[in-house]
Visitor: 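Structure incoming, see below.
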Amino acid sequence: MTRTTIRLGFLLLMLTMTGSAWAQFTTAVAPARVEKLVNPGSKVEDVITFTNQGDAPVEVRISIVDFDVDEVGLVTELPPGTHPNTIAPYFRISPLRTVVGAREQAHFRFAVQTPEEFDQLRAFVYFESQPIVSDEGGKQVLFATAMGIPLYVENRKMERGTLTVHDLAWERIGEEQQYVQLKLHVTNEGERNIRPGGFLTVRSEDDRFLETFDVNAAGDVVLPGHERHLTMQFGPVPDDGLSLKLRFETSLNSNHHADHRLPKPSPAQQGER
């Protein structure tokens, strides 16, 4: 879960219609996520930047929600202060509401005063924005957005994230079977997040194709104590028998290795009629 979450409307594009004229509203938030590793009982501070690249000012309001992630990576939002890992009692951000002019930026400064005992604190920080337009020109159609970024504060005294690989499976996918799909069932046995990386080397039986792909290029996270079913696609690859060599990171200093052979797809698999 590495990408900005959208609650309402469109992520980057909002259109406002005033009479027959259209104005474009493009907004962005950076960084895409915040992860801090700190000592308990300490204070951490940083800045999140909101950019209005559009043609009119926007009003921006800040809110936070607790969240959890299920086995397939779907996020469940919860009222702030209700999850055991809530950051809400320790989190402050300023300003809570502001107007950002056309093609301008606003900097939101936040601070987290961590308690003496915790493992991980987390929340989604939402930037709810709506364009400010003149009433002149007749009918208007407005779209508001709420872009959310995950914020994690972790206790550096807790055990690093460590994955146990329970199962993995390979298959060809795509209309022409031109992609390799890997499904992994893992559990984070540690007490901190892990974003596992690694490499997959694909070689064709005729040795005309040899390529190495990044594993988990999207940077999906496995939360501490959570199971995840990770699904990744690689390719395109040729319609030949394939030799697969996987190196999948399970901790800072260890990897899970796996070799597999995928046979050449049959004409039926390739969608021939």
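Note that the numbering runs from 1 along the sequence shown for the chain. Note: hydrogens, waters and symmetry copies are ignored here, and every other heavy atom, side chains too, is used.
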Visitor: Give a yes or no on whether Arg208 atom CZ has more than 12 heavy-atom contacts from other residues, nucleotides or ligands under 6.0 Å away.
Guide: no
Visitor: For Arg192 and Pro224, indicate whether the former's side chain and the latter's backbone hold a donor-acceptor pair under 3.5 Å.
Guide: no
Visitor: Would you mind reporting whether Thr145 and Phe127 have side-chain heavy atoms less than 4.5 Å apart?
Guide: no
Visitor: In the single-linkage hydrophobic clustering (I, L, V, M, F, W, Y; side-chain heavy atoms under 4.5 Å), do Val29 and Leu96 co-cluster?
Guide: yes
Visitor: For the backbone of Leu37 and the side chain of Arg156, can you confirm whether one donor and one acceptor N or O come within less than 3.5 Å of each other?
Guide: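 Yes; judged by distance alone, with no hydrogens or angles, the pair exists.
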Visitor: Within the distance-only criterion (no hydrogens, no angle test), does the side chain of Thr51 pair as donor or acceptor with the backbone N or O of Gln53 below 3.5 angstrom?
Guide: no
Visitor: Hey, are Thr212 and Thr201 close enough side-chain-wise for a donor-acceptor pair under 3.5 Å?
Guide: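 Distance-only check passes for Thr201 and Thr212.
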Visitor: Does any donor atom in the side chain of Glu77 or Tyr126 lie under 3.5 Å from an acceptor atom in the other side chain?
Guide: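 Yes, side-chain donor-acceptor contact under 3.5 Å.
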Visitor: Please answer: with hydrophobic residues joined when any side-chain heavy atoms are less than 4.5 Å apart, are Val100 and Ile93 in the same cluster?
Guide: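 Per the 4.5 Å side-chain linkage, Val100 and Ile93 are co-clustered.
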Visitor: I need the minimum non-hydrogen distance between Phe234 and Asp214, along with the two atoms involved.
Guide: CE2-O, 3.4 Å
Visitor: So, the side chain of Glu104 versus the backbone of Ala102: is there a donor-acceptor pair under 3.5 Å, distance only?
Guide: no
Visitor: Does atom CZ of Arg109 have more than 12 heavy-atom neighbours from other groups under 6.0 Å away?
Guide: no
Visitor: Find the distance between CG (Leu182) and OG1 (Thr231) and round it off to the nearest 0.5 Å.
Guide: 8.0 Å
Visitor: Does any non-hydrogen side-chain atom of Asp239 lie less than 4.5 Å from one of Lys264?
Guide: yes
Visitor: Regarding Arg122 and the six-membered ring of Phe67, is the cationic atom NZ or CZ under 6.0 Å from the ring centre and inside 45° of its axis?
Guide: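 Yes, Arg122 sits over the ring of Phe67.
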Visitor: Side-chain contact, heavy-atom cut-off 4.5 Å: Asn155 with Glu117?
Guide: no
Visitor: With no hydrogens and no angle check, just 3.5 Å: does a side-chain donor-acceptor pair link Thr187 and His166?
Guide: yes
Visitor: Under a 4.5 Å side-chain heavy-atom rule over Ile, Leu, Val, Met, Phe, Trp and Tyr, are Tyr152 and Met158 clustered together?
Guide: no
Visitor: Any side-chain heavy atom of Asp240 sitting closer than 4.5 Å to one from Phe209?
Guide: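 No, their side chains stay 4.5 Å or more apart.
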Visitor: Does some side-chain heavy atom of Phe124 sit less than 4.5 Å from a side-chain heavy atom of Leu151?
Guide: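 Sidechains of Phe124 and Leu151: no contact.
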Visitor: How many angstroms lie between atom NZ of Lys43 and atom CZ of Arg92, to the nearest 0.5 angstrom?
Guide: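 Between atom NZ of Lys43 and atom CZ of Arg92 there are 10.0 Å.
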Visitor: I want to check something: taking the side chain as every heavy atom from C-beta on, are Ile194 and Thr162 in contact at a cut-off of under 4.5 Å?
Guide: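 No - every pair of side-chain heavy atoms lies 4.5 Å or more apart.
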Visitor: Hey, does Glu128 have a side-chain heavy atom less than 4.5 Å from the side chain of Ile62?
Guide: no
Visitor: Answer yes or no: is there an ion pair linking Glu249 with Arg195, defined by an N-O contact shorter than 4.0 Å?
Guide: no
Visitor: Tell me whether Glu59 is salt-bridged to Arg97, with the criterion being a basic N under 4.0 Å from an acidic carboxylate O.
Guide: yes
Visitor: Take His185 and Glu227 through the test side chain to side chain contact (heavy atoms under 4.5 Å, CB included) and record every step on the way to the result.
Guide: CA-CA 7 Å; His185 177 200; Glu227 289 189 39; 2.6 Å; yes
Visitor: Checking the side chain of Ser42 only, and the main-chain atoms of Asn39 only, is there a donor and an acceptor separated by less than 3.5 Å?
Guide: yes
Visitor: Using the rule that two of Ile, Leu, Val, Met, Phe, Trp, Tyr join whenever any of their side-chain heavy atoms come within less than 4.5 Å, decide whether Val153 and Val222 are in one cluster.
Guide: no
Visitor: If we ignore angles and hydrogens, is there a donor and acceptor under 3.5 Å between the side chains of His107 and Thr49?
Guide: yes
Visitor: Do Glu71 and Arg228 have side-chain heavy atoms sitting under 4.5 Å apart?
Guide: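 No, too far: nothing below the 4.5 Å cut-off.
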Visitor: Does Tyr90 have its ring centroid less than 6.0 Å away from the ring centroid of Phe118?
Guide: no
Visitor: Side chains of Ser251 and Asn253: do they bring a donor and an acceptor to under 3.5 Å?
Guide: no
Visitor: Check the side chains of Asn85 and Asp68 for a donor-acceptor pair under 3.5 angstrom, ignoring hydrogens and angles.
Guide: no
Visitor: Using atom types as modelled and distance alone, determine if a side-chain donor or acceptor of Asn52 lies under 3.5 Å from a backbone N or O of Gly101.
Guide: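 Here the side-chain-to-backbone pair exists.
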Visitor: Does the pair Asp46/Lys36 count as a salt bridge with the N-to-O cut at 4.0 Å?
Guide: yes
Visitor: Should Val75 and Val221 be regarded as members of a common hydrophobic cluster, given that ILVMFWY residues are connected when their side-chain heavy atoms come within less than 4.5 Å of each other, either directly or indirectly?
Guide: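 Linked, Val75 and Val221 end up in one cluster.
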